[in-house]
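Presented below is the structure to which this report refers.
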Amino acid sequence: MFAGSCIGVVLLVMCLEFLRRLGREYDAFILRRALMRQIYLSGSSSSMPALLLPKEPDRQCQCPGSDETSSAPAPNNSYSQPESADNLITPVATPAPGGKIAAKDSTTLAAEPVEGTRRTVVDSATCTPYRPSITEQVVRAFLHMVQFAVAYIVMLLAMYFNGYIIICIFIGAFVGALVFSWEPISSSKE
């Protein structure tokens with residue numbers, strides 16, 4: 001019976017790490033969907049090649065006329081057809097020698113073309129913050145509430161002051177981070 005409780009505690013803490021990852025993935029999903037909506041509504045032919053860009057690890061880029069950084073992927077030669085609608089848009093930008101994105105004018109960032117590929121223009125609007133709709137915010141708030149509730153339950157389990165339960169919490173945090181936090185790391189995220 002006690003072994004089942006320990007396994008349950010490990011799984012509960014792993015569930016907490018899963019909920020944290022789910023929150024990050026949902027935020028990235030709504031940003032990609034907003035970018036797709038913006039490109040669709042703009043009808044810009046210069047933005048259309050962005051639909052076939054690769055998915056790659058994030059790299060920080062400098063938005064024109066701003067001190068904020070936003071994430072943009074590193075360029076690569078491997079281009080493939082997108083698999084689903086939520087990973088269609090991946091803005092590409094190449095850093096200038098100083099590590100910042102070179103702006104061609106005040107409204108666009110230009111990505112340097114890779115050999116044998118077309119040039120892609122990324123609107124500076126992709127660097128501006130996006131305010132989620134009420135439905136998206138309700139989903140985000142629900143995910144936060146569930147994460148908060150699970151964290152409180154884990155805290156109450158730790159308040160038993162049972163050494164085995166506390167060790168199981170640590171093991172669950174380790175395994176959960178190992179499984180659900182395995183993401184690309186940007187060199188500029190310090």
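The structure displayed is predicted, hence computed values, not measured ones. All values below were derived from every heavy atom in this structure, side-chain atoms included, with hydrogens, water molecules and symmetry-related copies excluded. Start at 1 with the first residue, then count along the sequence.
Evaluation of the side chain to side chain contact (heavy atoms under 4.5 Å, CB included) rule for S133 yields T135, E136 as partners, not counting sequence neighbours. Annotation: salt bridge (Lys or Arg N to Asp or Glu O under 4.0 Å) contacts of R37 (sequence neighbours excluded): none. With sequence neighbours left out, N162 forms a side chain to side chain donor-acceptor pair (under 3.5 Å) with no residue at all. Residues satisfying the side chain to side chain contact (heavy atoms under 4.5 Å, CB included) test with V175, not counting sequence neighbours, are M14, I171, V179.
The hydrophobic cluster containing I7 also contains F174, counting ILVMFWY residues as joined when their side-chain heavy atoms lie under 4.5 angstrom apart, directly or transitively. Grouping the Ile, Leu, Val, Met, Phe, Trp and Tyr side chains by contacts below 4.5 angstrom, directly or via other members, places L35 apart from Y130. Cluster membership for V150 and Y160, using ILVMFWY side-chain heavy atoms within less than 4.5 angstrom, is shared.
A 6.0 Å sphere centred on CZ of F2 holds more than 12 heavy atoms belonging to other residues, nucleotides or ligands.
Applying the 4.5 Å side-chain rule to ILVMFWY residues, one finds F148, Y152, M155, M159, F161 in the same cluster as L156.
Side-chain contact between R33 and F29: present, with at least one pair of heavy atoms (C-beta onward) separated by less than 4.5 Å.
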- request: Apply side chain to side chain contact (heavy atoms under 4.5 Å, CB included) to I169 and V10, showing your working.
  value: CA-CA 6 Å; I169 290 172; V10 169; over 6 Å; no
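Taking CZ of R140 as the start and CG of D27 as the end, the distance is 4.0 Å to the nearest 0.5 Å. One distance of note links CG of L16 with CD1 of I153; it measures 10.0 Å at 0.5 Å rounding. With rounding to the nearest 0.5 Å, the separation of SG in C6 from CG in L11 is 11.5 Å.
Nearest heavy atom pair, residue C168 against residue V9, reads CB-CG1, 3.9 Å.
Between the side chain of S181 and the backbone N or O of L178 there is no donor-acceptor pair closer than 3.5 Å.
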For a quick test of your reading: what N or O donor-acceptor pairs under 3.5 Å do the side chains of residues 18-26 make, sequence neighbours left out?
residue	atom	partner	partner atom	Å
R20	NH1	E17	OE2	2.9
R21	NE	E25	OE2	3.0
R21	NE	E183	OE2	3.3
R21	NH1	F180	O	2.8
R21	NH2	E25	OE2	3.3
R24	NH2	E183	OE1	3.4

